[in-house]
Novice: 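Dumping the structure here so I can ask a few things about it.
First the proteins, then the strands, lettered A, B, ... as listed; each starts at 1.
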Amino acid sequence: MTKKYVTTAIPYMNGNPHIGHAMDYCLADVCVRYYNLCGDEVRLQAGTDEHGSKIWQKATQLGVSVQEFVDAQAGKFVDFISQLGVNYTDFVRTTDTKHEKRVQEIWQRLTNHIYMDTYEGWYCTGCERFITDKEYEENNGACPDHLKPYEKLKEKNYYFRISDFKEQIARAIESDKMLVLPEFRKKEILRLLADSPDVSISRPKEQLEWGIPVPGDESQVMYVWVDALSNYLTVLGYPDTDDYREWWPAAAQFVGKDILRFHAIIWPAMLLGLGLELPKVLISHGMVLADGQKMSKTIGNVVDPMEVIEKYGLDAFRYYFLRHVDTFNDSDFTWEKFENAYNNELANDLGNLVQRLAAMCAKNGIELSKLPELDFDAEYRVLMDKFEYAKVFDCVWEKVQALNKRIDDEKPWMLAKNGETEKLHKCLSGLVRDLLQVNYELKPFIPVTTDKIDEIFAGKIEPPEKPLFPKQ
RNA sequence: CGCGGGGUAGAGCAGCCUGGUAGCUCGUUUGGCUCAUAACCAAAAGGUCGUUGGUUCAAAUCCAACCCCCGCAACCA
């Protein structure tokens, strides 16, 4: 039995859970369930990122204390995750006292690679933030919201010397020692890495009142990176317990493509600075588009995962987002596509297959004397190990369709009519056995359904009272 | 000359790395079956593989140039 550690990205708490988070959780969940079925012992981390001035501002706006605000937000995410059927073993909030202490310890262990420097950039006093050069040019030097020209401002920050580790990281990525998936992201990251500047990791206290103080410097507060990325370690008790030795390096870290660069550059640099190994795999998944466009509150095309789940059930949601939303690329969600997949594939192919088989078994008194021994075949494993979840589905579905075809070919209803009992039993029990094998392969993806199918065919076979996926 | 992805049947995609009769799903049409959720099975129609050149006996696949689309902090740490 191997120990495997799987992580999800920790969402920033100034917003509510959305479909992008759901992708991350579901993918990690499939990975965990698969490892478990393979006999591994798995820890799954989840958590929330709760510091930063945006959070502070939002709470102030709402007229509640920051702590109250983040508590409420974190609560939403905890609920959200459980509704997705995802079972984490460890949950970390960046405002946990333990996390904060551990992060300070981590900072201190990194001091050899940290230096103080002055940041100079364009600043909008209305927005109270620095803006990029690109933004400056686009807006012709004045803030469109506040109609005020940007000002040059200097501020002291601590910097983390990424350059100390660039070559090591590049080698790890090139050699796949730290595997970056998909392949085209790996190329992209290698390019980005080459001209990655050192990264600013603190802000003056006046700028950032809600954060972890920099140890030994009252005037500075940690800015996102060290605080948030460390969560993958602090949740394992690093550095003050030895638990992490059994679990680190992570077997798989799931991140959205938008934050891959931080996980593939800053994060490995931190790990190397701490003398720790790099994660085995970083998986970057795509985003869900609504009819070809980015989902956005402004446009009003946001799809709420809970709406889908309420209407069609959890497994239908997981099914669509794991199969028809490409694991690595951006994909489109429309209700039409969703309903097509639901009706054609879940209801007609799989649901109806279970129904017709169970009904024939019940009618003819078929029972399996003993359940077949189940295992994953080589092709399945290869794809699963490459995190090609959408492709795995295609593979499994061929088997579902083949079973439907076999029923048509072998015509068990004819055998029954002709009184060929022995042949009939052999035919039906063979079909059930193979269905259970297919069912086994679906377990990491649609666990609610696979449990139901197991139940239907264990012992006395009865068709389900309600169809698994009622047509809508 | 920023970086990356993409342009293949009405729609969504695979194939390209490792050249050799262009494939899958949905939709459409027709036929079969009747165990089943009006489900299932089969067959057919439908493509000059973005454009132009090149390499080759042979190019969707390799090379060059060009055109077009989409991302590059998911709400903005």
Novice: Distance check needed: B:C75 P versus A:H18 NE2, whole Å only.
Specialist: 5 Å

Novice: What's the CG-C1' distance between A:D24 and B:A73, to the nearest Å?
Specialist: 15 Å

Novice: Starting at atom CD1 of A:I407, determine the distance to atom C1' of B:C41, rounded to an integer number of angstrom.
Specialist: 11 Å

Novice: Centroid-to-centroid, A:F393 to A:Y319, below 6.0 Å?
Specialist: yes

Novice: Does A:K452 come within less than 4.0 Å of A:E455, counting only side-chain N to carboxylate O?
Specialist: no

Novice: If you round to the nearest 0.5 Å, how far is CG of A:N348 from CG of A:N343?
Specialist: 6.5 Å

Novice: Checking side-chain hydrogen bond (donor to acceptor under 3.5 Å, both in side chains) against A:Y232, which of A:Q253, A:H263, A:Q45 comes through?
Specialist: A:H263

Novice: Pull out every residue in residues 223-231 of chain A that has a heavy atom closer than 4.0 Å to any atom of RNA chain B, ordered by number, or say none.
Specialist: A:Y223, A:V224, A:W225, A:A228

Novice: Is the ring centre of A:F333 less than 6.0 Å from the ring centre of A:F321?
Specialist: yes

Novice: Using atom P in both nucleotides, what's the gap between B:A39 and B:U28 to the nearest angstrom?
Specialist: 11 Å

Novice: Find which nucleotide of RNA chain B each of A:M360 and A:S53 is nearest to by heavy atoms, and output the residue with the more 5' nucleotide.
Specialist: A:M360

Novice: For A:V354, which contact category applies under a 4.0 Å heavy-atom criterion: base, sugar-phosphate, or nothing?
Specialist: nothing

Novice: When you compare B:C17 with B:U34, how far apart are their P atoms, in angstrom units rounded to a whole number?
Specialist: 48 Å

Novice: Of A:Q401 and A:K391, whose nearest nucleotide on RNA chain B comes first from the 5' end?
Specialist: A:K391

Novice: When we call it a touch if two heavy atoms are under 4.0 Å apart, what does A:I55 touch: a base, just sugar-phosphate, or nothing?
Specialist: nothing

Novice: Is any side-chain N or O of A:N352 under 3.5 Å from a base N or O of B:A36, one able to act as donor and the other as acceptor?
Specialist: yes

Novice: For A:F333 and B:A11, what is the distance between atoms CZ and C1' respectively, to the nearest whole Å?
Specialist: 17 Å

Novice: How many whole angstroms separate atom CH2 of A:W413 from atom P of B:G32?
Specialist: 15 Å

Novice: Give the C-alpha distance, both sets of side-chain angles, the deciding distance and a yes or no for side chain to side chain donor-acceptor pair (under 3.5 Å) between A:Q73 and A:K76.
Specialist: CA-CA 5 Å; A:Q73 288 304 108; A:K76 288 183 196 172; 2.9 Å; yes

Novice: Without decimals, in angstroms, what is the distance between A:D349 CG and B:A36 P?
Specialist: 18 Å

Novice: In whole angstrom, give me the gap between the P atoms of B:G54 and B:A14.
Specialist: 30 Å

Novice: When you check the gap from the basic side-chain N to the acidic O, do A:R102 and A:D96 get nearer than 4.0 Å?
Specialist: no

Novice: Using atom C1' of each nucleotide, how far apart are B:G71 and B:C66 to the nearest Å?
Specialist: 22 Å

Novice: How close or far is atom C1' of B:A73 from atom CG of A:D258, stated in whole angstroms?
Specialist: 6 Å

Novice: Using a heavy-atom cut-off of 4.0 Å across all strands, would you classify A:N14 as base, sugar-phosphate, or nothing?
Specialist: sugar-phosphate

Novice: Under 4.0 Å between a side-chain N or O of A:K471 and OP1 or OP2 of B:A39?
Specialist: yes

Novice: Would you check if the distance from the ring center of A:Y312 to the ring center of A:Y320 is below 6.0 Å?
Specialist: no

Novice: My understanding is that only residues two or more places apart in sequence, or in another chain, count here; which of them pass ring-ring contact (aromatic ring centres under 6.0 Å, His included) with A:Y380?
Specialist: A:F376

Novice: What distance, rounded to whole Å, do you find between the two P atoms, one in B:G27 and one in B:A11?
Specialist: 16 Å

Novice: Please report the distance separating the P of B:G46 from the corresponding atom of B:C40, rounded so that it comes out in whole Å.
Specialist: 25 Å

Novice: For B:C24 versus B:G19, give the span between their P atoms, rounded off to a whole number of Å.
Specialist: 23 Å

Novice: Consider the side chain of A:F469, meaning its heavy atoms from C-beta on, and name the nucleotide among B:A36, B:G5, B:U37 that approaches it most closely.
Specialist: B:U37

Novice: Where does RNA chain B form stems of at least three consecutive Watson-Crick or G-U wobble pairs, each pair having both distances below 3.5 Å?
Specialist: B:2-7 with B:67-72, B:10-13 with B:23-26, B:28-32 with B:40-44, B:50-54 with B:62-66

Novice: Taking B:G4 as the reference, what is the distance to B:A65 when you measure between their P atoms (whole Å, please)?
Specialist: 14 Å

Novice: Is A:D434 paired with A:K399 through a side-chain N to carboxylate O contact shorter than 4.0 Å?
Specialist: no

Novice: Using a heavy-atom cut-off of 4.0 Å across all strands, would you classify A:K187 as base, sugar-phosphate, or nothing?
Specialist: sugar-phosphate

Novice: Under a 3.5 Å cutoff, is there a donor and acceptor pairing between the side chains of A:H425 and A:N364?
Specialist: no

Novice: Looking across every strand, which nucleic acid part, if any, lies under 4.0 Å from A:P412 by heavy atom: base, sugar-phosphate, or nothing?
Specialist: nothing

